[in-house]
Amino acid sequence: MAREEIKAELARVAVSLGAPAGVVVELETPREKSHGDVATNLALVLAKTLGAKPREVAGRIVAALSFPPGIVASVEIAGPGFINFRLATDQLTGILHTIIAAGPGYGRAPATGGAPVNVEFVSANPTGPLHVGHGRQAALGDAIASLLEWTGRKVTREFYYNDAGAQIMKLAASVQARVAQLRGREAELPEGGYHGEYIRELAERYAEAHPADRDAADLEQVRRFAVEALRQEQDRDLQAFGVRFDVYFLESSLYADGRVAETVGRWAAAGHTYERDGALWLRTTDFGDDKDRVIRRSPEKGGEYTYFVPDVAYHVGKWRRGFTRAINVQGSDHHSTVTRVRIGLQALDLGIPPGYPEYVLHQMVTVMKGGEEVRISKRAGSYVTVQDLVEEVGRDAVRYFFLMRKADSHLQFDIDLALKRSEENPVFYVQMAHARMSGVFRVGSVDASAVTAEGVDIAVLTDPSEAELLKVLARFPESVERAAEALDPQRITNYLEELARAAHLWYHRCRVLGESPPVERARLAVARATQIVLANALTLLGLSAPERM
RNA sequence: GCGCCAGUAGCUCAGCUGGAUAGAGCGUCAGCCUCCGGAGCUGAAGGCCACAGGUUCGACUCCUGUCUGGCGCACCA
């Protein structure tokens with residue numbers, strides 16, 4: 001691609017002019033069209049080290065540049081010292097060839113062969129239906145995993161959950177109380193218990209499945225039953241959402257195979273623990289925490305390990321399984337765990353890097369309908385579930401809406417907008433662009449997969465919207481790369497909207513079918529390339545690319 | 001009180017890791033149009049980038065402080 005060649009040539013010239021070897025050349029796409037197709041700030045960056053004015057440096061660089069024919073049409077120096085390149089028209093033909101030849105692989109980098117990356121997300125405990133926050137995580141985590149795959153990494157999607165612990169016991173006790181109420185006895189939900197309608201459902205099902213245990217006296221059996229049922233329900237919801245996991249990791253296994261004890265033992269051996277008030281503490285302040293943390297409660301409080309110990313043990317396990325990168329997608333309400341887990345790992349002295357694991361924290365989701373906030377669902381009671389949203393607006397809209405804002409931003413989920421079948425709705429707008437391209441082939445009875453760029457003369461494409469569209473198409477691989485680097489799928493939804501805009505504009509201005517043969521052939525190739533890139537971007541985000549709407 | 005995140009057009013949000021005259025959609029206003037799907041197209045108005053300093057050739061972007069909002073600061077998870 002032209003960009004790569006320009007980058008390489010700039011690097012070569014920079015070094016020949018005295019820049020340090022390995023200088024990083026940044027290319028950007030100017031938003032102002034009169035500034036050309038590609039621009040670099042290289043001269044401004046080098047001005048200081050070369051001890052010359054930016055425009056003078058730019059002059060030297062331009063004078064030394066040398067490209068084979070067919071790549072760059074013109075080079076100019078502008079503003080404070082930018083170097084602007086205009087690409088040769090041959091490059092546009094090249095774009096069509098590249099895209100159509102690569103097809104579903106366009107934008108996908110070859111496997112790097114590096115160590116696998118672990119992406120952990122959702123990780124909901126089986127205490128109730130998945131809520132909208134889990135939905136945002138599911139969409140984000142799955143898309144981030146895909147982005148990493150598209151940039152050549154091997155990825156494991158992982159779901160971690162606690163199947164024991166205090167919360168689960170409250171769940172079991174809540175179900176037990178509801179069973180008792182079914183039998184017409186007075187029974188109160190435990191303090192901090194679960195109130196949702198689904199608890200009543202579980203109680204009914206338990207009573208039916210275990211007629212012998214009339215009073216649900218066997219709490220362990222109730223626990224197993226409830227956990228099993230809720231896990232199944234979560235799986236079903238995730239499946240309906242189109243998210244699949246490679247590994248489901250049980251917190252209880254960390255106790256069973258001794259890893260929790262091992263972790264505590266290592267801390268103690270390294271001299272980072274001490275006893276106080278009957279509890280065992282980890283001196284996390286030695287690693288920058290603002291206070292030390294309890295790792296084993298005092299006997300009066302039950303003498304159990306606090307949750308953060310298995311959390312650390314779990315991440316040691318990720319490291320040992322060969323994941324040199326681990327990315328955790330969580331709600332920002334869990335941000336206090338970030339430093340603690342990292343510190344816990346540091347205190348083990350296992351050579352794990354300080355920034356391990358990486359976190360993508362997302363802000364809260366507010367569901368809006370009819371201009372008002374929706375807070376509750378029938379089944380869960382106190383919160384809106386993923387299932388509610390998927391049933392109401394469909395899986396594609398839910399996924400798209402969860403991805404179209406950066407994770408850092410609070411997200412307003414507008415149900416009315418998600419339901420609109422018009423261009424105001426970004427999902428509709430983007431998918432419609434794909435349907436339109438498909439429509440051209442359908443109406444023209446053309447086999448889209450047989451369209452090639454062979455023999456296409458790009459010179460017949462005279463409308464400005466055509467070159468514009470091709471340039472947007474050419475940027476897709478770079479967009480994927482940047483989004484992956486930033487762990488930010490929102491950049492892809494942005495790209496999609498930009499591409500859809502260019503595609504709609506082109507479609508509106510340029511007829512394909514029934515034009516003169518050279519024009520029709522060229523435009524079929526444009527439509528095909530556009531269809532491919534739209535489909536690839538949609539697929540990458542876990543969205544469907546409909547042929548018609 | 002401390003920590004994390006956010007604050008950009010009336011609304012919802014971008015802004016490519018410090019670049020050129022801050023963009024898009026919706027809404028508003030003014031036009032065009034009936035074609036491979038009009039669920040369209042063109043144009044206009046609309047901004048103290050929360051505020052105040054600083055860093056440098058250059059700041060919406062980085063640093064410091066202030067204000068506002070969200071989240072978190074357990075021997076809960």
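Chain naming here is simple, since letters A, B, ... match the order of the sequence lines and numbering starts at 1 in each.
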- Item | Mutual orientation of the aromatic rings belonging to Trp267(A) and Phe308(A) [parallel < 30°, tilted 30-60°, perpendicular > 60°] | parallel
Taking C60(B) as the reference, what is the distance to U21(B) when you measure between their C1' atoms (whole Å, please)?
15 Å
Contact class for Lys291(A) vs. all strands (heavy atom < 4.0 Å): base, sugar-phosphate, or nothing? sugar-phosphate
Across the strands shown, which category fits Tyr507(A) at heavy-atom distances under 4.0 angstrom: base, sugar-phosphate, nothing? base
- Task: Examine Arg259(A) relative to Tyr305(A) and say whether NZ or CZ is less than 6.0 Å from the centre of the six-membered ring and inside a 45° cone about the ring axis.
- Result: no
| query | How far does the C1' atom of G40(B) sit from the matching atom of G25(B), given to the nearest Å? | reply | 16 Å
Requested in this report: Pick base, sugar-phosphate or nothing for Asn162(A), based on heavy-atom distances below 4.0 Å to the nucleic acid.
Outcome: sugar-phosphate
Looking only at U17(B), A77(B), G70(B), the nucleotide nearest the Arg491(A) side chain is U17(B)
**Between C16(B) and G23(B) - P atom distance, rounded Å** = 13 Å
Regarding Arg340(A) and Ser336(A), do their side chains bring together a donor and an acceptor under 3.5 Å, going by distance alone?
yes
Taking A77(B), G19(B), G37(B) as options, the one with an atom nearest any side-chain atom of Arg442(A) is G37(B)
Sugar-phosphate only, base, or nothing, as touched by Met404(A) at under 4.0 Å among non-hydrogen atoms
nothing
Can Glu466(A) and Arg523(A) be counted as an ion pair, charged N to O under 4.0 angstrom? yes
Gap in Å between the two P atoms, one belonging to C63(B) and one to C71(B), rounded: 25 Å
When both distances are under 3.5 Å in a Watson-Crick or G-U wobble arrangement, the nucleotide paired with C62(B) is G54(B)
Which of G70(B), G19(B), G15(B) is nearest the side chain of Lys406(A)? It is G15(B)
Of G37(B), A14(B), A24(B), the nucleotide closest to the side chain of Gln490(A) is A14(B)
- Message: Tell me if the side-chain of Ser336(A) makes a donor-acceptor pair with the base of C73(B), cut-off 3.5 Å, by modelled atom types.
- Response: no
Whichever of Ile83(A) and His334(A) has the more 5' nearest nucleotide on RNA chain B, that residue is Ile83(A)
Under a 3.5 Å limit on both distances, the Watson-Crick or wobble mate of A24(B) is U12(B)
* Asked: Which word best sums up how the rings of Phe401(A) and Phe413(A) line up, parallel for under 30°, tilted for 30 to 60°, or perpendicular for over 60°?
  -> tilted
Out of G19(B), A24(B), U17(B), minimum distance to the side chain of Ala486(A) belongs to U17(B)
Using atom C1' in both nucleotides, what's the gap between G43(B) and C4(B) to the nearest angstrom?
45 Å
Would you classify Ala47(A) as touching base, sugar-phosphate or nothing, given that sugar-phosphate means primed atoms plus P, OP1 and OP2, and contacts are heavy atoms under 4.0 Å? nothing
Considering only heavy side-chain atoms of His35(A), the closest of C36(B), A20(B), G15(B) is A20(B)
Should Ser332(A) be listed as having a side-chain N or O under 4.0 Å from OP1 or OP2 of A6(B)? no
**Message:** Within the 4.0 Å heavy-atom criterion, would you say Arg548(A) contacts the bases, only the backbone, or no part of the nucleic acid?
**Reply:** nothing
Among A39(B), A20(B), C75(B), the one nearest any side-chain atom of Phe428(A) is A39(B)
Of the candidates A6(B), G37(B), G19(B), the side chain of Asp408(A) sits closest to A6(B)
Next on the checklist: By the 4.0 Å heavy-atom rule, please label Ala166(A) as base, sugar-phosphate, or nothing.
Outcome noted: nothing
Applying the 3.5 Å cut-off to both distances, the Watson-Crick or G-U partner of C4(B) turns out to be G70(B)
Under 3.5 Å, is there a donor on one side chain and an acceptor on the other for Asp396(A) and Ser544(A)?
yes
Using atom P in both nucleotides, what's the gap between U28(B) and U66(B) to the nearest angstrom? 42 Å
Once you apply a heavy-atom cut-off of 4.0 Å, does Asn84(A) come out as touching a base, just sugar-phosphate, or nothing?
base
Exercise. Within the structure shown, what part of the strands sits under 4.0 Å from Leu44(A) by heavy-atom distance: base, sugar-phosphate, or nothing?
Worked result: base
Between Gln363(A) and Asp408(A), the two heavy atoms sitting closest are CG-O, 2.7 Å
Taking every heavy atom of Ala522(A) against every heavy atom of Val460(A), the minimum-distance pair comes out as CB-CG2, 3.9 Å
Atom CG of Asp290(A) and atom P of C4(B) are separated, to the nearest Å, by 11 Å
Separation of U8(B) atom P from His410(A) atom NE2, nearest Å, is 14 Å
Q.
Please classify the nucleic acid contact of Ala78(A) as base, sugar-phosphate, or nothing, using heavy-atom distances under 4.0 Å.
A. base
query = Within less than 4.0 Å of OP1 or OP2 of C75(B), is there a side-chain N or O belonging to Arg293(A)?
reply = no
With syn defined as a glycosidic angle within 90 degrees of 0 and anti as anything else, the base of U68(B) is anti
State whether the aromatic ring of His508(A) stacks on the base of G40(B), taking stacking to mean ring centres under 5.5 Å apart and ring planes under 30° to each other. no
In His315(A), Glu358(A), Glu158(A), the residue satisfying side-chain hydrogen bond (donor to acceptor under 3.5 Å, both in side chains) with Asn328(A) is His315(A)
- Message: By the 4.0 Å heavy-atom rule, please label Arg475(A) as base, sugar-phosphate, or nothing.
- Response: nothing
Of the candidates C16(B), G15(B), C36(B), the side chain of Val440(A) sits closest to C36(B)
Notebook entry, point to check: With a non-hydrogen cut-off below 4.0 angstrom, is Lys420(A) in contact with a base, only sugar-phosphate, or nothing?
Noted result: nothing
Item to complete: Ignoring hydrogens and angles, answer whether the base of A77(B) and the side-chain atoms of Asp333(A) contain a donor-acceptor pair closer than 3.5 Å.
Response: no
Could you tell me whether Gly444(A) contacts a base, only the sugar-phosphate backbone, or nothing, with contacts defined as non-hydrogen atoms closer than 4.0 Å?
nothing
### Query
Within the stacking criterion (centroid distance below 5.5 Å, interplanar angle below 30°), does Phe82(A) stack on A20(B)?
yes
Notebook entry, point to check: On a whole-Å scale, what distance lies between the P atoms belonging to G15(B) and A24(B)?
Noted result: 15 Å
I'd like to know if the side chain of Tyr307(A) pairs up with that of Gln167(A) as donor and acceptor (distance under 3.5 Å, no hydrogens or angles considered). no
Checklist entry - Quantified in whole Å, what is the C1' atom distance between nucleotide A9(B) and nucleotide C29(B)? => result 15 Å
By nearest-nucleotide position on RNA chain B, the 5'-leaning member of Thr337(A) and Val45(A) is Val45(A)
Between CD of Glu300(A) and P of C75(B) the distance, given in whole Å, is 13 Å
When rounded to whole Å, the NZ to C1' distance for the pair Lys369(A) and U12(B) reads 20 Å
Regarding the side chain of Glu28(A), the nearest nucleotide among C36(B), G19(B), A77(B) is G19(B)
**Prompt:** Between the base of G3(B) and the side chain of His335(A), is there a donor-acceptor distance below 3.5 Å?
**Reply:** yes
- Just checking Asp277(A): base, sugar-phosphate only, or nothing, at a heavy-atom cut-off of under 4.0 Å? base
